[in-house]
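Here's the structure, in structure tokens; my notes come after.
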Amino acid sequence: MEPSPNLVNATAFQRVAAKVLDVLPSAALVIAATLLFSLAGGDEAQALGWGTGAVLAGGYALWLWIWEAGSGKTPGNLALGIRTTGGNGQAPG
């Protein structure tokens with residue numbers, strides 16, 4: 001039986017701040033796509049921008065989920081010096 005790792009829980013502030021930092025790229029993708037398509041003109045272009053932004057944000061969310069499951073890291077976690085672990089102290093998988 002392996003000894004349990006010496007883990008310290010992150011504070012609530014660290015967790016919330018990491019989540020906010022992780023969500024910012026998704027919001028930026030949606031806003032940027034919407035603005036770019038709006039410049040083309042018309043309500044249809046703006047709707048297409050929202051849809052394109054949503055697809056890009058979904059792709060980012062999928063990548064983030066896979067990366068966190070494999071390594072326990074996200075951009076927000078790295079910025080705040082925390083990581084996600086399973087019960088054994090390894091990446092959650």
Side-chain angles (χ1 to χ4, degrees):
M1 179 177 206
E2 275 185 54
S4 67
N6 187 16
L7 300 176
V8 177
N9 288 332
T11 66
F13 172 79
Q14 287 175 311
R15 293 177 190 197
V16 170
K19 183 54 77 177
V20 168
L21 290 173
D22 291 340
V23 169
L24 285 177
S26 291
L29 286 169
V30 171
I31 291 168
T34 303
L35 288 175
L36 287 173
F37 278 86
S38 292
L39 292 175
D43 290 336
E44 296 83 18
Q46 187 176 14
L48 184 60
W50 275 104
T52 302
V55 169
L56 292 172
Y60 168 76
L62 178 63
W63 169 79
L64 191 65
W65 178 45
I66 292 169
W67 185 33
E68 185 172 15
S71 68
K73 300 174 185 176
T74 67
N77 286 357
L78 290 173
L80 293 166
I82 62 176
R83 68 184 174 100
T84 305
T85 65
N88 61 358
Q90 302 298 318

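What you are looking at is a predicted structure, and each value in this text was computed from that prediction instead of being measured.
Taking Ile, Leu, Val, Met, Phe, Trp and Tyr as hydrophobic and joining them when side-chain heavy atoms fall under 4.5 Å apart, one finds Leu35 in a cluster with Ile31. In this structure, Leu78 belongs to a hydrophobic cluster whose other members, linked by side-chain heavy atoms under 4.5 Å apart, are Leu29, Leu56, Tyr60, Trp63, Leu64, Trp67.
For the atom pair CG (Leu39) and CD (Gln46), the distance works out to 10.5 Å, reported to the nearest 0.5 Å. Rounded to the nearest 0.5 Å, atoms CG (Leu80) and NZ (Lys19) are 12.5 Å apart. Here the CG-CZ distance, from Asn77 to Arg15, works out to 10.0 Å after rounding to the nearest 0.5 Å.
Closest approach of Ala33 to Gly49, counting heavy atoms only: CB-O, 3.5 Å. Nearest heavy atoms, Leu21 versus Ala79: CD1-CB, 3.8 Å. Heavy atoms only, all atoms of each residue included: Ala10 and Ile82 are closest at CB-CG2, 3.8 Å.
Between Asp22 and Glu68, the closest side-chain pair of non-hydrogen atoms is not below 4.5 Å. In this structure the side chain of Arg83 reaches within 4.5 angstrom of the side chain of Leu7, judged on heavy atoms.
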